Amino acid sequence: MPENHQCLEMCQQSSVPLFTTAGVHPHSASEYSADTTEQLRQLLKEDKVVAVGETGLDFNRNFSPPEAQIYAFEQQLELAAETGLPLFLHERDAHQKQLEMLSAFREHISGGVAHCFTGTREELYNYLDLDLYIGITGWICDERRGSHLHPLLKDIPADRLMLETDAPYLLPRDIRPKPKSRRNTPLNLPHILQVVAELVGKTAEQVARESRATSLTFLTCRTGFNSLLTDLQPMQEVL
Ligand SMILES: [Zn+2]
């Protein structure tokens, strides 16, 4: 929870438009206590907080027991339904259960992004069938574990494809020269854009334009939140 407050503070103090999410990651689900929902509810009222998350299920290493993860995810699905905010979703090795829970809530939530999607074609289509957005990171630049995603990129409609870095994690493995630090930063987004553009057979400019428009649509899928677009206008001009 302290990180949620730190992120909000950073956004409030930033001189450029900056937004954050509020939620409890599945790794930290065992820390989800009786008053967490109320604390999140307060944070989600802030203008700078635009989504509920990261939330979801991660049965890969079970840093928190699955039952705790399911409980925390359910609480946050309810918050998304209550606030009208979209979800910022994390999932690893938990697709069936995540899908089941999302499906149960789908008609009550405004939208969601399957962040850092690394799954199979079937999993991709399951998310698209729920009309979710798909976040692609530098995972696709990893020749050992990301190349299965290459043929799938063309199956993601432009109005559902979002690009992200997952900084400070997932430094793209093929960045040359190799940076001294393993720390990833948002500055590496153009590298991911370039790789995606090549794989979908479009120019980088076109993919940038489309994915930016998609991200803005996602941000405003909260009902009555169009004032965000005005806030983002200066950023659009900078870009
Ligand atoms: Zn994640």
Side-chain angles (χ1 to χ4, degrees), residues 1-4 6-8 10-11 18-32 36 40 43-44 49-66 68-77 79-80 85-99 101-102 105 109 111-120 123-124 126-128 130 132-142 144-146 148-149 152-153 156 160-173 182-186 188-189 192 196 211 214-215 218-219:
M1 279 308 289
E3 290 94 341
N4 282 304
Q6 285 163 6
C7 288
L8 174 60
M10 191 172 135
C11 293
L18 201 57
F19 300 91
T20 186
T21 64
V24 176
H25 193 279
H27 289 343
S28 310
S30 50
E31 292 162 29
Y32 204 105
T36 305
L40 287 177
L43 280 165
L44 294 169
V49 178
V50 295
V52 180
E54 286 188 42
T55 181
L57 305 171
D58 189 324
F59 298 162
N60 182 259
R61 286 196 273 174
N62 283 326
F63 286 120
S64 285
Q69 293 188 40
I70 290 166
Y71 173 74
F73 187 30
E74 189 159 49
Q75 293 290 305
Q76 292 173 90
L77 284 164
L79 279 169
L85 284 169
L87 290 155
F88 193 72
L89 296 160
H90 172 106
E91 177 259 310
R92 207 163 165 208
D93 292 353
H95 185 74
Q96 279 317 318
K97 186 65 187 171
Q98 178 118 338
L99 196 64
M101 293 177 72
L102 281 169
F105 275 86
I109 54 179
V113 54
H115 125 86
C116 190
F117 179 78
T118 58
T120 63
E123 290 170 358
L124 173 66
N126 286 340
Y127 285 147
L128 289 173
L130 284 181
L132 296 178
Y133 292 74
I134 307 294
I136 294 293
T137 62
W139 191 278
I140 58 162
C141 308
D142 186 332
R144 302 163 310 172
R145 53 182 191 173
H148 72 285
L149 291 166
L152 302 187
L153 287 178
I156 307 172
R160 286 293 171 270
L161 173 66
M162 286 162 62
L163 301 182
E164 46 167 339
T165 59
D166 203 33
Y169 311 110
L170 296 183
L171 178 75
R173 272 174 62 84
R182 299 297 302 156
R183 187 183 164 86
N184 196 6
T185 83
N188 291 323
L189 196 59
I192 296 163
V196 170
S211 63
T214 303
S215 303
F218 175 78
L219 280 175

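The shown structure was predicted, so the numbers you read here are calculated from the model rather than taken from an experiment. Position 1 is the first residue of the sequence; numbering continues from there. Counting starts at 1 for both ligands and their atoms, following the listed order.
Taking backbone and side chain together, His115 holds an N, O or S atom under 2.8 Å from the Zn ion (ligand 1).
Once rounded to the nearest 0.5 Å, the distance linking CD1 of Ile134 with CG of Leu153 reads 10.5 Å.
When ring centroids are compared, Tyr127 and His95 come within the 6.0 Å threshold.
The atom of His90 that is an N, O or S and sits closest to the Zn ion (ligand 1) is ND1. For Glu54, the N, O or S atom closest to the Zn ion (ligand 1) goes by the atom name OE1.
The side-chain contact (heavy atoms from CB on, under 4.5 Å) test with Thr165 is passed by exactly one of Leu189, Leu171, Thr137: Leu189. Applying the side-chain contact (heavy atoms from CB on, under 4.5 Å) test between Glu54 and each of His27, Gln76, His90 identifies His90 as the sole match.
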